[in-house]
Amino acid sequence: MNANTTVRRRRTIRIAAAALIAAASLSLTACNNDTEDTGTKKPAASAESGTGGSSTGAQGSDAKPDATTGDTDKAPTSTGDQKLADGSTAKIDKLGTQHYRLKIVNDGAVLATLEANQRDAGLDANGMYVVLTLGGEVHSWMGGEHSGPGTYKLAGGWTAKVTKLGDARYRADIIGSEGSVDGTLEANQHDDGMVANGVYIVLSTRGVISAHQ
């Protein structure tokens with residue numbers, strides 16, 4: 001073998017090695033591009049923050065109770081029974097945070113149901129007035145009615161301005177001693193109620209308002 005042949009073979013080997021290195025570089029670059037497009041791409045901001053459609057399903061059993069209502073999937077917890085003004089019994093269940101349900105029971109029959117969820121609730125039960133507060137307290141009384149649109153003096157120094165808004169729909173602005181509207185009741189297809197500084201007020205869908213201290 002002469003010198004010229006040896007030189008050519010060495011050059012050929014070097015050229016082949018360089019080609020292999022270049023091919024490997026191209027293959028590595030292609031793999032990196034595929035990873036950036038699919039494998040390492042971050043999810044959209046909405047999915048990370050929990051506002052996306054799929055993130056809700058991903059929570060599964062780790063989902064926490066709603067912060068507003070505090071309700072859970074647990075069974076209602078009885079907070080006891082209480083006698084009402086007409087002799088019937090109120091059975092009170094706690095459904096969640098500031099969420100209570102009251103059943104008026106007489107001789108084993110449920111006569112009416114009242115639910116307070118994040119706000120007080122009221123009921124006109126055939127002339128007996130019941131308020132269930134968002135804290136689960138119950139107050140009932142009879143009498144003290146004012147009927148129809150008009151302005152009426154209530155217990156505790158309050159004044160109620162009752163307005164008819166439609167069929168079985170009334171609004172009562174509760175006015176304080178300084179003439180400002182400090183609360184509003186609206187009976188729209190169902191009665192409404194509230195407690196205002198220790199005064200319990202019910203407005204019915206018949207336009208009847210009653211208060212008791």
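Residue numbers start at 1 and run along the sequence shown. If you're wondering where the values come from, they're calculated on a predicted model, not measured in any experiment.
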So, using side chain to side chain donor-acceptor pair (under 3.5 Å) as the criterion, who are the partners of [X] when residues are at least two apart?
{"X": "Gln213", "answer": "none"}
{"X": "Asp86", "answer": "Ser88"}
{"X": "Thr205", "answer": "none"}

Working for side-chain contact (heavy atoms from CB on, under 4.5 Å), residues Lys91 and Val110: CA-CA 10 Å; Lys91 292 185 176 294; Val110 177; over 6 Å; no

Within the 6.0 Å centroid threshold, strictly below: His212 and Tyr200: no

side-chain contact (heavy atoms from CB on, under 4.5 Å) assessment of Leu111 paired with Val105: CA-CA 6 Å; Leu111 304 180; Val105 179; over 6 Å; no

Tell me which pairs pass salt bridge (Lys or Arg N to Asp or Glu O under 4.0 Å) where either residue lies in [range], with sequence neighbours left out.
{"range": "residues 98-114", "result": "Asp93-Arg101"}
{"range": "residues 155-166", "result": "none"}
{"range": "residues 204-213", "result": "Asp124-Arg206"}

pair Thr133-His139: side-chain heavy atoms closer than 4.5 Å: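 The answer is no; the side chains never approach within 4.5 Å.
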
Salt bridge (Lys or Arg N to Asp or Glu O under 4.0 Å) involving Lys94 - partner list, sequence neighbours excluded: none

Val162: hydrophobic cluster co-members (side-chain, 4.5 Å):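 Members other than Val162 - counting any ILVMFWY side chain reachable under 4.5 Å - are Tyr152, Leu154, Trp158, Tyr170, Ile174, Leu185, Met194, Val199, Ile201, Leu203, Ile209.
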
Co-members of Ile175 in a cluster of I, L, V, M, F, W and Y side chains, linked at under 4.5 Å: Val181

For Leu114, side chain to side chain contact (heavy atoms under 4.5 Å, CB included) partners two or more places apart: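 Residues passing side chain to side chain contact (heavy atoms under 4.5 Å, CB included) with Leu114: Leu102, Ala121, Leu123, Val130, Leu132.
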
Pairwise side-chain hydrogen bond (donor to acceptor under 3.5 Å, both in side chains) hits with a residue in residues 181-193, at least two apart: Arg119-Asp192, Arg169-Glu186, Asp173-Thr184, Ser180-Asp182

Donor-acceptor contact below 3.5 Å, side chain Thr89 vs main chain Lys83: no

Path from Tyr100 to Ile104 over hydrophobic side-chain contacts below 4.5 Å: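 Looking at the clustering, Ile104 is in the same group as Tyr100.
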
Taking every non-hydrogen atom, the tightest pair across Leu134 and Gln118: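 Nearest heavy atoms, Leu134 then Gln118: CD2-O, 3.6 Å.
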
Could you go through residues 140-150 and list every donor-acceptor pair under 3.5 Å that involves a side-chain atom there, pairing it with any protein atom two or more places apart or in another chain?
residue: Ser140; atom: OG; partner: Ala85; partner atom: N; Å: 2.9
residue: Trp141; atom: NE1; partner: Ser210; partner atom: OG; Å: 2.9
residue: Glu145; atom: OE2; partner: Tyr129; partner atom: OH; Å: 3.1
residue: His146; atom: NE2; partner: Lys153; partner atom: O; Å: 3.4

